[in-house]
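Here the structure is a predicted model, which means the values were calculated and not measured. Letters A, B, ... are given to chains in the order of the sequence lines, protein chains preceding strands, and every chain is numbered from 1.
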Amino acid sequence: MDAAEFHAAVYRVVRQIPPGKVTSYGHIAKLVGMPRHSRHVGQALKYLDPQSNLPWYRVISSSGQISSRGPGTSGARRQRDELEAEGIEVTGGEVGLEGGNDGGGRVNLRTYGWFPDSVDFGEVQGDEDLEAD
DNA sequence: TCAATGACACTAA
DNA sequence: CTTAGTGCCATTG
């Protein structure tokens with residue numbers, strides 16, 4: 001699979017994330033068939049066009065933590081704002097609480113997490129047996 | 001080619 | 001709850 005295909009696959013999955021829900025880089029990587037490429041999922045999102053209406057903000061780390069794109073960047077701040085706009089509660093990252101805070105907060109995956117075994121943008125794997133929560 | 005990097009994940013303490 | 005360490009692998013200099 002080429003980088004372009006990988007990116008395209010990531011975009012397809014991200015597009016399936018329902019409003020008010022979030023998922024993790026690792027899970028997306030799993031859905032596209034490359035569970036070890038969690039880091040590259042983030043790369044794909046970074047490489048996408050600003051014009052794209054892709055809900056990249058619904059993708060966070062497996063811990064529910066919004067990735068801090070580094071001090072001086074407003075990416076995390078925007079992401080937190082978008083998530084709150086979707087009705088998602090974001091804890092931490094309160095501006096003004098700590099100096100140099102770029103807005104990195106956290107989302108409760110137990111409430112807003114979206115982790116399907118597969119997505120319906122194409123074919124699915126006949127996986128029926130899974131652990132009960 | 002080698003070395004360093006990264007919008008990560010997982011386990012242990 | 002936190003910090004530290006290890007694994008991961010395409011991309012980049």
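The separation between A:Glu5 atom CD and C:dT11 atom P is 12 Å, rounded to whole Å. When rounded to the nearest whole Å, the span between NE2 of A:His37 and P of C:dC8 equals 12 Å.
When the nearest nucleotides of DNA chain C are assigned to A:Asp2 and A:Arg36 by heavy-atom distance, the more 5′-ward of the two goes with A:Arg36.
In this structure, A:Ala3 reaches the sugar-phosphate backbone alone: every heavy-atom distance under 4.0 Å involves primed, P, OP1 or OP2 atoms, never a base.
Side-chain contact annotation: A:Glu86 with A:Tyr112, donor-acceptor N/O pair under 3.5 Å absent. Between A:Arg58 and A:Gln79, the side chains place no donor N or O within less than 3.5 Å of an acceptor N or O (distance only, hydrogens not considered). Side-chain contact of A:Ser67 with A:Tyr25: a donor-acceptor pair under 3.5 Å is present, judged by distance alone.
At most 12 heavy atoms of other shown residues, nucleotides or ligands fall within 6.0 angstrom of atom NZ in A:Lys30.
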**OP:** Encode nucleotides 2-13 of chain B as B, S and - characters from 5' to 3', where the letter depends on protein heavy atoms closer than 4.0 Å: B to the base, S only to sugar-phosphate, - to neither.
**Re:** ----BBBSS---
**OP:** Kindly determine whether A:Val32 and A:Val13 satisfy side chain to side chain contact (heavy atoms under 4.5 Å, CB included), including the steps that lead there.
**Re:** CA-CA 8 Å; A:Val32 304; A:Val13 174; 3.7 Å; yes
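Formation of a donor-acceptor pair under 3.5 Å by the A:Asp2 side chain with backbone atoms of A:Ala4 is not found in this model.
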